[in-house]
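Starting from 1, each residue takes its place in the sequence as its number.
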Amino acid sequence: MDVFKLLMDIVFPEPERCLQCDSPQNVVEIEGLCQECLKKFSYVLNYCVKCGRQVNFSERDKGQKKCNFCKAITYFFERARAPLFYRGAVQQIIADFKYHGKKELARPLGHLLSLYYSEYYKKMSIDVVMPVPLHKERERERGFNQARLLAEEMCRRLSLKLLDNLLIRKKNTPPLYNLSYRERKEAIKGVFSFKKGKRQLQGVNILLVDDIFTTGSTVNELGRFLTLKTGVNHIYVYTLSTADLIG
Ligand SMILES: [Zn+2]
Ligand SMILES: [Zn+2]
């Protein structure tokens with residue numbers, strides 16, 4: 001055993017390595033991701049007051065006005081927010097996390113969510129956090145539900161109450177990414193149901209967590225379902241990223 005090296009490691013521990021690019025992580029802002037990787041991300045700077053999508057409003061209207069898409073839609077949630085814009089390096093890291101088995105990315109990505117929570121939701125008195133459920137077959141294929149891992153990490157850091165396993169997704173919907181809002185809305189309709197314990201949602205403010213907000217049709221259906229079936233107070237949506245509109 002190299003006692004000298006051991007001693008050096010204690011006095012000057014090796015910096016943790018970035019989970020995405022494997023370089024040493026010297027400045028730690030987000031646990032597990034280096035500064036270079038964080039700089040490559042697109043952050044949502046200006047957003048619609050309702051859906052939280054990146055918009056081109058003036059700085060004065062940031063988070064004040066609705067985008068054109070939202071003017072035409074009935075939402076079953078108060079608002080949606082996301083720190084990241086789903087493109088480039090953000091798209092890549094989410095793909096690595098979900099499809100390429102890099103489950104450990106839940107730690108930095110959940111950390112990032114927890115940091116931006118104070119900007120978007122600290123004042124909203126959220127009672128419980130619920131991850132958007134995946135269909136069990138999809139979860140088995142992937143090995144995990146990405147929304148749950150993100151929500152767990154965020155709740156752990158912020159001491160928020162996580163409510164999981166209350167809901168199930170009955171239908172395994174095909175991937176929705178190439179569908180328009182109306183097509184998605186039809187595809188997702190009626191897919192959620194309760195497993196147990198819906199009474200505990202009486203009068204509470206719920207924060208739904210997911211990885212991407214695309215058209216919002218999944219969280220909107222979940223919001224519709226919760227509004228119809230429970231005496232929930234307010235529903236809010238918080239996703240890691242928000243995408244450009246399709247159709
Ligand atoms: Zn990196
Ligand atoms: Zn909007």
Open item on the list: Are the side chains of Asn233 and Val204 in contact, using a 4.5 Å heavy-atom criterion?
Closed with: no
- [ ] Provide the closest heavy-atom pair for Glu36 versus Lys39 in the form atom of the first, atom of the second, distance.
- [x] OE2-NZ, 3.1 Å
Open item on the list: If you compare all heavy atoms of Gln25 against all heavy atoms of Leu33, which two are closest, and at what distance to 0.1 Å?
Closed with: NE2-O, 2.6 Å
Task: Closest contact, heavy atoms only, Leu240 versus Pro83 - done: O-CD, 3.3 Å
Open item on the list: Can you tell whether the side chains of Glu186 and Lys189 come within less than 4.0 Å, N to carboxylate O?
Closed with: no
- [ ] Determine whether Val132 and Leu222 make a side-chain contact, defined as any pair of heavy atoms from C-beta on separated by less than 4.5 Å.
- [x] yes
TODO: Using a strict 4.0 Å threshold on nitrogen-to-oxygen distance, state whether Glu16 and Arg107 make a salt bridge.
DONE: yes
TODO: Kindly give the cluster partners of Val55, where membership spreads through any ILVMFWY side chain lying under 4.5 Å from a current member.
DONE: Phe57
Open item on the list: Looking only at the aromatic ring of each residue, does the gap between the centers of Tyr236 and Tyr121 stay below 6.0 angstrom?
Closed with: yes
Task: Polar contact flag, side-chain donor to acceptor under 3.5 angstrom, Glu78-His234 - done: yes
TODO: Report yes if some heavy atom in the side chain of Gln146 is under 4.5 Å from a heavy atom in the side chain of Phe144; otherwise report no.
DONE: yes
Task: SB check Lys98 Asp211 (cutoff 4.0 Å) - done: yes
Open item on the list: Is any side-chain heavy atom of Leu163 closer than 4.5 Å to one of Val129?
Closed with: no
TODO: Side-chain contact test, heavy atoms from C-beta onward, threshold under 4.5 Å: evaluate it for Leu226 versus Leu208 and give yes or no.
DONE: yes
Task: Arg148 bridged to Glu139 by N-O distance under 4.0 Å - done: yes
Open item on the list: Is the ring pair Tyr116/Tyr120 parallel, tilted or perpendicular, if the boundaries are 30 and 60 degrees?
Closed with: parallel
TODO: State plainly whether one hydrophobic cluster holds both Phe225 and Phe76, where clusters connect Ile, Leu, Val, Met, Phe, Trp and Tyr through side-chain heavy atoms under 4.5 angstrom apart.
DONE: no
Open item on the list: Please give me the minimum heavy-atom distance between Leu201 and Ile206, naming the atom from each residue.
Closed with: CD2-CD1, 3.9 Å
- [ ] State whether a side-chain donor-acceptor pair under 3.5 Å links Asp96 with Gln20.
- [x] yes
Open item on the list: Are Tyr47 and Val209 linked, directly or through intermediate hydrophobic residues, by side-chain heavy-atom contacts shorter than 4.5 Å (ILVMFWY only)?
Closed with: yes
Task: Side chains of Thr242 and Leu84 in contact at under 4.5 Å (non-hydrogen atoms) - done: no
Open item on the list: Looking at Arg140 and Glu137, is any side-chain nitrogen of the basic one under 4.0 Å from a carboxylate oxygen of the acidic one?
Closed with: no
- [ ] Please report the shortest heavy-atom distance between Cys21 and Cys34, naming the atom on each side.
- [x] SG-SG, 3.6 Å
TODO: Side-chain contact test, heavy atoms from C-beta onward, threshold under 4.5 Å: evaluate it for Lys65 versus Val49 and give yes or no.
DONE: no
TODO: Could you tell me whether Glu153 and Arg157 have a side-chain N and a carboxylate O separated by less than 4.0 Å?
DONE: yes
Open item on the list: Among Cys37, Cys18, Pro108, Ser114, which residue satisfies the side chain to side chain contact (heavy atoms under 4.5 Å, CB included) criterion with Ile30?
Closed with: Pro108
Task: Asp127 side chain near Leu160 side chain, heavy-atom distance below 4.5 Å - done: no
